[in-house]
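Here is how names work: the chains are called A, B, and so on, in the same order as the sequence lines, proteins then strands, and each is numbered from 1.
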There are 2 protein chains.
Amino acid sequence: MQVAKPTIQQISEITGYSVSTVSRVLNGYSKQYRISEKAQELIKKKAEELNFKPNQMARGLRLKRTFTIGLVIPDIANPFFAMMAKHIEKAASLSDYSILLVDSDENTEKEKQQIKNMIARDMDGIIVAPVGSEKKHFTEIIERKIPLVFVDRYFENCEIPFVTSDNLQGGYEATKHLIENGHKRIGLIKGDTSTQPVLERLNGYRKALQEYGITLNSAYEIGDTFSIESGYQSVRTVLKLPQPPTALFAMSNLIGLGAIKAIKETDLNIPTDISLIVYDDQPYAAFLNPSITTVKQDSEQIGKLAVNYIFKKINNEKTDVLQVKLQTQIISRASVKKIK
Amino acid sequence: MQVAKPTIQQISEITGYSVSTVSRVLNGYSKQYRISEKAQELIKKKAEELNFKPNQMARGLRLKRTFTIGLVIPDIANPFFAMMAKHIEKAASLSDYSILLVDSDENTEKEKQQIKNMIARDMDGIIVAPVGSEKKHFTEIIERKIPLVFVDRYFENCEIPFVTSDNLQGGYEATKHLIENGHKRIGLIKGDTSTQPVLERLNGYRKALQEYGITLNSAYEIGDTFSIESGYQSVRTVLKLPQPPTALFAMSNLIGLGAIKAIKETDLNIPTDISLIVYDDQPYAAFLNPSITTVKQDSEQIGKLAVNYIFKKINNEKTDVLQVKLQTQIISRASVKKIK
DNA sequence: TATGTTTGCACAAACGTTTGTGCTGGTGTA
DNA sequence: TACACCAGCACAAACGTTTGTGCAAACATA
């Protein structure tokens, strides 16, 4: 249905040179194949005139490369992932690569199905922030030797490369920050517990408590979804405990928003009545009232490292298995109060 | 470099049937071409066993279709666009279409370059939220009869289809809302003035003022970029006026954040000292303190309509030129105070 | 038995590239 | 004069599909 685009064959006919000659000229192999200056000029001129761009399907078919990286994200509307996606796209496009985007919607079935799609579409590399704990569907990517790297979320005891923030450190330092401000009763509002980041942040949390001789209280560890709603419900629950926490550690920015809502509705004040620290720093965190203390992850670096790794693999450069956990950083603002 | 995937030819060899037969069976043309039950079963079974998925490059080359929609967004990290992208991806994947994502970074050069890329990659359709006022580079899309639709931003007096929110209405009602709360000195913090939405919101603003007999004050119309920084600087400036506004209308959620920052730094209180309404409702708006009154756009509907239009064009269904402006909605919260 | 019709499939071209190899005409050398 | 050599290009296969057409065998009809 679309209007015909100029092809290498048309240029061949117009110029009188064969398609192979045209191809070589346009791909910069003129010297190597001793194409005359005259031919080069003519061909380049005509190609320019016709605004010729090689058909990427044909090229991909022949070359077995698509110049495309698949990106599978659980929720592109989550600012954290959106920011990561932005940096991934930027890094890719700098090398003339494009991004095929999938939003798995935190749904393992869609993730599976779309991974298949990515394989069928011959992605040169695939970047995934996996939804859950299931990883069987990734084996085909490995078998086909398609470069794969996980971002943010990953699997333990698995040699698939990943780049994420140091969730153990982040969880530990967030908790420590609260403890050092005098808090002993600290609620942890979790995300999906089948994901590694949640597990590690949880471990960091526990590690900090234990280090300071504070006994764990399982009633303080609550929640299981990365959403506003889940954060809201969890905090409502935890605030009803006979001895409610004096501080809350929300495991994501969405959970944090839910927490704030619940706290407000309970007529409590941040930080007077209860302190809050949120994992993942977002632009608006500084503008909430009070401004929110957060754990900042370097999403730009995550994106860049992931893409660079893919490129190295594509170019067959030797690489160590990339399993990076980037340092996190506490951004101290006004939502944590020193007590006692 | 990648490990070979099963092809239709391998299935052909294994089953002893020709590639054409295999193709027809796998594409559901068995009856039409009188393929025996026996052949069908065998072929399907083998295809299943080998986990066969047709090579999309070869398929695309032959069919001249890519089953891919190009999406060009000025800033995927902007929650408004991220949400739109999410709905676009969702609608597309329901019809087994994929999304090729580009972040033009509010940069016309990158937009131009990537539009070329989309054409070379034979997108079946293209959805763009154009960066600026330049539109020459879209003509090639039209000439090639590739379905194209603009979202959010568009061009006036131009028959390229678009779907956006009714920015005139939104601007008008936001301003009216402030006026009806007693405000007469209303600052308008603008985004990029080369974009149609900004122009229309501006017109809506002026229309409301005029309707209520309030004289326009050009010093109250300020700003030219969709960013936190621009919102911040603009509001700082406008607050220094001898007669500063009693209310502010921020043209986007990022501008709104900048406005809040500037207001805070000037030691003013929202809404006691100054009221604020923000174009584009985002989850966090309800959680800011005070919660922010916003103009809500239906990003889900925008995405769906855009994709559906593309599909109709792809399937050669007759359509009217799609030029839709969706109703906006004032979400009244606590950032606007009734005065006088 | 001769002819026509249907069943069930195979052949081959085409989509637009890239690339290994081969060919021709001219120049240089002995 | 004979030969080698090189410059400058063309040929054709291949990538994995889809699809128009052709054709043999089986069956039906007269």
**OP:** Between B:Tyr29 and B:Leu61, name the one whose nearest nucleotide on DNA chain D is closer to the 5' end.
**Re:** B:Leu61

Original post:
Who passes salt bridge (Lys or Arg N to Asp or Glu O under 4.0 Å) against B:Lys116, sequence neighbours left out?
Top reply: none

Original post:
By a strict heavy-atom criterion of less than 4.0 Å, which residues belonging to residues 43-54 of chain B are in contact with DNA chain C?
Top reply: none

Subject >> Interatomic distance where CG belongs to B:Asp122 and P belongs to C:dG16 [whole Å] >> reply: 9 Å

Subject >> Whole-Å gap separating P (C:dT17) and CD (A:Gln56) >> reply: 9 Å

Subject >> salt_bridge(A:Lys86, B:Glu106) N-O dist < 4.0 Å >> reply: no

Subject >> Rounded interatomic separation in angstrom, taking CZ from A:Arg59 and C1' from D:dG16 >> reply: 18 Å

Original post:
What string of B, S and - do you get for nucleotides 4-12 of chain C, 5' to 3', if B is base contact, S is sugar-phosphate-only contact and - is no contact with any protein heavy atom under 4.0 Å?
Top reply: ---BBBBBB

Original post:
Roughly how far, to the nearest 0.5 Å, is CG of B:Leu148 from CD of B:Glu140?
Top reply: 12.0 Å

Original post:
Between atom CD in A:Gln9 and atom P in C:dA14, what is the gap in whole Å?
Top reply: 11 Å

**OP:** Answer with base, sugar-phosphate or nothing: what part of the nucleic acid does A:Ser23 contact at a heavy-atom distance below 4.0 Å?
**Re:** base

Subject >> From CG (B:Asp103) to CG (B:Asp75), nearest 0.5 Å >> reply: 5.5 Å

Subject >> Salt bridge flag under 4.0 Å for residues A:Glu48 and A:Lys45 >> reply: no

Subject >> Phosphate contact (C:dG16 OP1 or OP2) by B:Lys64 side-chain N/O below 4.0 Å >> reply: yes

**OP:** Kindly check if the number of other-residue, nucleotide or ligand heavy atoms within 6.0 Å of NZ (B:Lys112) is above 12?
**Re:** yes

**OP:** Could you tell me how the ring of A:Phe150 sits relative to the ring of A:Phe138: parallel (under 30°), tilted (30 to 60°) or perpendicular (over 60°)?
**Re:** perpendicular

**OP:** Please answer whether the main-chain N or O of A:Asn117 pairs with a side-chain N or O of B:Lys53 as donor and acceptor at a distance below 3.5 Å.
**Re:** no

